[in-house]
Amino acid sequence: MRRAVCPGSFDPITNGHLDIIERASKLYDVVHVAVLINKNKQGLFSVEERIALIEETCAEYSNVQVESHHGLLVDFCRERGIPAIVKGLRAVSDFDYELQMAQMNRGLTGVDTLFMPTSPTYSFLSSTLVKEVAAYGGDVSHLIPPTVHRRLVDRIAERAA
Ligand code: COD
């Protein structure tokens, strides 16, 4: 079985994430989507909510499994026998940090990282920008799955109340 992991914060999942997960699901037998927990970073959505949104969005991909993990990504991979990390690369600005993480992870346990060029439509897209634009009333409906958009609009309204 060829396994890979698509890791991230996914706060929330965007069409850019989804594009990478979908393409990875065609290349690997099992794709683990790992929501990494960062206790120092308060998210807009809880980890449980992020997992539910990813599961709903990825329901059509039968070989995609969604889990959370607290700690090092390499430990997530080691515990499950996953030899490959799949990351999307948006721009040259992503490359420096992604290369550092890839080399660190390979040095720690030998796990390799494979980079997929983002689809040009999503090369500017990040969860952070989506949240910021939506918080000021901008239309982000074309950048995130419909179910995520509904939850995002509701959450922003709850926070503003
Ligand atoms: N197009 C294509 N790919 C995209 C896009 C887009 N528009 N947006 C995001 N992606 C891909 C990228 O590959 C990105 O890395 C990934 O999705 C996740 O993105 P985010 O924004 O949800 O998550 P990040 O960047 O905050 O995730 C960083 C990790 C959680 C993966 C990283 O910090 C990590 O591995 N943490 C675990 C602790 C650890 O092991 N630390 C040591 C690292 S060496």
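Read the numbers this way: they start at 1 and go in the same order the structure lists the ligands and their atoms. The first residue of the sequence shown is numbered 1, and numbering continues consecutively from there.
No N or O atom of S127 sits closer than 3.5 Å to an N or O atom of ligand 1. Polar contact with ligand 1: present for T118 (N/O pair, distance under 3.5 Å).
In this view, E67 and H32, Q65, F76, R80 satisfy the side chain to side chain contact (heavy atoms under 4.5 Å, CB included) rule, not counting sequence neighbours.
Taking every heavy atom of N105 and a limit of under 4.0 angstrom, the matching atoms of ligand 1 come to 44 (S). Shown in contact with L73 at under 4.0 Å from a heavy atom are these atoms of ligand 1, numbered in order with element: 35 (O), 39 (C), 40 (O). Within ligand 1, counting atoms from 1 as listed, the ones closer than 4.0 Å to a heavy atom of L125 are 6 (C), 7 (N), 8 (N). With ligand atoms numbered from 1 in the order given, ligand 1 contributes 22 (O) to contacts under 4.0 Å with heavy atoms of F10. Close approach of ligand 1 to G71 (heavy-atom distance below 4.0 Å) involves ligand atoms 37 (C), 38 (C).
The side chain of L36, and not its backbone, has at least one atom closer than 4.0 Å to an atom of ligand 1 (non-hydrogen atoms only; side chain from C-beta on). Within the 4.0 Å heavy-atom criterion, the part of M104 lying near ligand 1 is the side chain and not the backbone. Only the side chain of R90 comes within 4.0 Å of ligand 1, judged by heavy-atom distances. Contacts between I20 and ligand 1, counted as non-hydrogen atom pairs separated by less than 4.0 Å, involve the side chain only. By the criterion of a heavy-atom distance under 4.0 Å, the side chain of E98, and not its backbone, is placed next to ligand 1.
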